[in-house]
Structure formats: structure tokens, C-alpha cells
Amino acid sequence: MKCRVCRARAVIDLPRHNAAFCPPCFDSYLMDQVWKAIDEFQMFTKTERILLAVSGGKDSLALWDILDRLGYQTIGYHLDLGIGEYSVDSLEKTRQFAQKKNLTLHIEEITREAGGSVADISEVTNRPPCSACGVSKRHLFNRAAKTHGCQVVATGHNLDDEASRLLGNILHWQDGYLEKQNPALPDDGGLVRKVKPLNRLTEKEMAAYSFLNGIDYVVHECPMSVNAKQLFYKKIMNLLEKESPGTKQAFYFGFLDRRNRFYPEKEPGEAPPFNCQLCEAPSYSEICSFCRLRIKVTSPQEKPSRTKKKSSSSSSRV
Amino acid sequence: MSQPDIGPTEDEKLPSGSPETIPVYNAQTGIRFQHPYRRKVSALLRDMEIDPETVLVIQCNTLLTPDESLTPQEEVEIRPVISGGGFAS
Ligand code: SF4
Ligand SMILES: [Zn+2]
Ligand SMILES: [Zn+2]
């Protein structure tokens, strides 16, 4: 297979674009896609500080690399989820990357912040692990952004993440989630702006970028994802894509084009009426949902059955 | 993705003297095994019922597209790219 641009030997083929690229031309294509996403949705500017949620996986490490190359101001934030070997590896890879690139990284541990690991929270609150994880991340990412003077939180969600999420939300007509399925959510009600600059790129493209740029990421999956619905929806999207290349992007971008028709843009909301009595985060009740979760996890009656991991530090800088 | 077993196509028939197997490494599970040798990446993936869009195929530190030929004896890394579980992160 030859590169569509320069006819050199291709290392990746992209059936959805009916194209194949050699490493340098793939790099130009990929950087251009990220730049387009940032520009189209006015995600951030070069004068803003971006809190980048870095898990240690291919997407977030690649995004960190890309934003740094594009000259944006990034602060890495890693949340240690307390998921055994997987979390140990994720932290290690994230640390190594930050050190190698001389980038600022802040680390927090969920066991210290929420009182237990993802598994503990899931058990005590009766939520699926990914939901327990999501509630904690939302709160802690937002808090970290404010603490470190960042105007925006960026995550490494890619086109596959977004298309499969859209499929799940449509199958169950989750209006509340569909309304918010936007690669750039403005700051609203005390929550800082949230953006997804990789929404034009697939998992395979991000994995290829990481490989070609020598990024050492966690290849194995979070063990909590085994039964996660999202993997099932990704499988369905990939079956559709195989039969008809381009379906995934047509589905997702078609939705974004029509989103305003179904869910008209609202004026920025009023800030929630309360500040949480415990953490001062803006909240719709006197105690915010994250603090309620933490109270439950740490209450002696609810103590999770598993042994809690001891935490040693709450924040560090590489 | 499953494909009906139609045997090797003309293009995939092995020349005499080809090795019987090729070492394969699944980077997600960490498992190494021997698989019947196939000349093309696409044939190996089809054999293993893997959708090429869901993996990187790496040999000798190089990314291979499905039409590429595999070097006999050299380990082939199959690196799954699909990740995720949570919608809410
Ligand atoms: S798979 Fe679920 S538990 Fe694991 S990191 Fe993702 S959202 Fe969290
Ligand atoms: Zn080229
Ligand atoms: Zn609170």
C-alpha cells in the first residue's frame, strides 16, 4: 500500500477516508484533525491553561504530546483509581511520559479523595464501577482545574468513544446525556469548560500515533471494563463500519450537525443555588453528590468488604 | 469478525519451504503463541477472526497494513486498540 500523498510505503490505511499514509504524512493528517477540532469548537486558546486528564492510556498521552507540540499550555492530572496492577502501571507510564517530556503532572488518589477505590465506591453505592468512577472523575477533574488555575479540562475521548456513546444514548433516548454530547461544553454553573480534541480521530489512529511517536502507554484494559456496555456498542459500530466504511463518522458528525435542532443551545445556566457545605463546590443541594458519596464510602456501617489500600500522597509534581 | 472457512485463496497459498508456524504476541493479554504461518497480514487476521480496524499489527518494530507480507520467523505483535468502559469520564 502506498501513501496517498507522497507514494512512499504506507504504515496505516484509513478505509473511512479511502486513504493510506506513510509516517510523516500520517502525522500531518492527524495534527490537522486535532487542530480542526480545536478550531471548529473554539475549545481553547494559547493563552489559556488546560488541565489534561491523563490516564496513562494511548489517547490521553498522545493528546498531551500533540497539545504540547502545538504549543498549548497543559497541566497533566492523573487520578489513581486504586485498581490493582492496572493503576500501578497507569501511574508509572504517566509519570515516565511527563518526566521524559518535562511536563507538569499532578497526581491524586481516589482512595484518599473519595475514601475508597473504584471497587469500594461501586460496592457501597450500588453503582456500576464505571459510574462510580465517572462521578468521582467529574468532581475531581473540575476541582483540580480550579486549584491549578485552568480554564478548561481536556480529555482524550476519541471518535470511537463518542460514536459508541451516542449509540448507547440514542438506543435509550437519554435526552439529558444527548443534550450534553458535545465535544466542547462551555463552563456552566460552576463547572469549568470541558473539551474533547480527539473527537475526529479513531482508536486505531491514536494507537498508531502513539506507536509511531514511541509513546509507552498502558496497552491492557481496565479490568472494570470487562462487562461495560460501551465495549458492546463499540463492537456494533465496528461491524457497521466494516460493512460500510465512514458510517461511524457520518453517524457522529451527523448528530453534531443536527444537535441544535433537537436540543437548542441554552443560555449559560445560573450557578447552582448552593455551595457544598463540605467542599464548597457549586451544588444543587447542601452537600454535593461527590461528598455524599464519600460520606457513604467512609461511614462505619457502609465500610466496603475489601481491604482498603493505604494512600501515601495526595498530590505531587513531576 | 467471523468469516466462512473457504480455505486459503490463490494469493495466500504458501510457497514450498515456508515455515509451518509464526510466533504471535497478543500485547493486551501478554500471551505468546505459535500460529500457522500466513504470508499476508490480512490472511493472518482473517484466520484469527480479528477485524483489522481493531488492532495494530507490528513486526520488526514496523506497523504493517493488511496487504503487507509477514517475515517468516519474526514475532508478530497484535496490539488491540479498543479501550474504555465509562461514558461519564
Ligand atoms: S473502565 Fe470504567 S472503571 Fe475503568 S477507568 Fe474506565 S470508567 Fe473507570
Ligand atoms: Zn507520505
Ligand atoms: Zn462537596
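Heavy atoms of A/Phe21 lying under 4.5 Å from chain B are absent altogether. For B/Val57, no part lies under 4.5 angstrom from a heavy atom of chain A. Heavy-atom distances place no part of A/Asn158 under 4.5 Å from chain B, backbone and side chain included.
When all heavy atoms of A/Arg9 and B/Leu64 are compared, the closest pair comes out as NH2-CD2, 3.7 Å. Taking each heavy atom of A/Ala10 and B/Thr65 in turn, the nearest pair found is O-CG2, 3.9 Å. The two residues A/Lys242 and B/Pro52 have their closest heavy-atom pair at NZ-CD, 3.7 Å.
With contacts defined as side-chain heavy-atom distances shorter than 4.5 Å, the pair B/Ile82/A/Asn238 qualifies.
Sparse packing is recorded around OH of A/Tyr177, with 12 or fewer heavy atoms of other residues, nucleotides or ligands lying under 6.0 Å away.
Using a 4.5 Å heavy-atom cut-off against chain B, the contacting residues of residues 205-216 of chain A are A/Ala207, A/Ala208, A/Phe211, A/Leu212. Contacts between residues 25-34 of chain B and chain A, defined by a heavy-atom separation under 4.5 Å, are made by B/Ala27, B/Gln28.
Ranking A/Glu162, A/Met1, A/Glu241, A/Lys58 against chain B, the residue ahead of the rest is A/Met1, based on heavy-atom pairs under 4.5 Å.
Put simply, the side chain of A/Lys234 gets close to the backbone of B/Ser83: a donor and an acceptor are under 3.5 Å apart.
Comment: B/Glu53 does not engage A/Arg16 in a salt bridge, judged by the lack of any side-chain N to carboxylate O separation of less than 4.0 angstrom.
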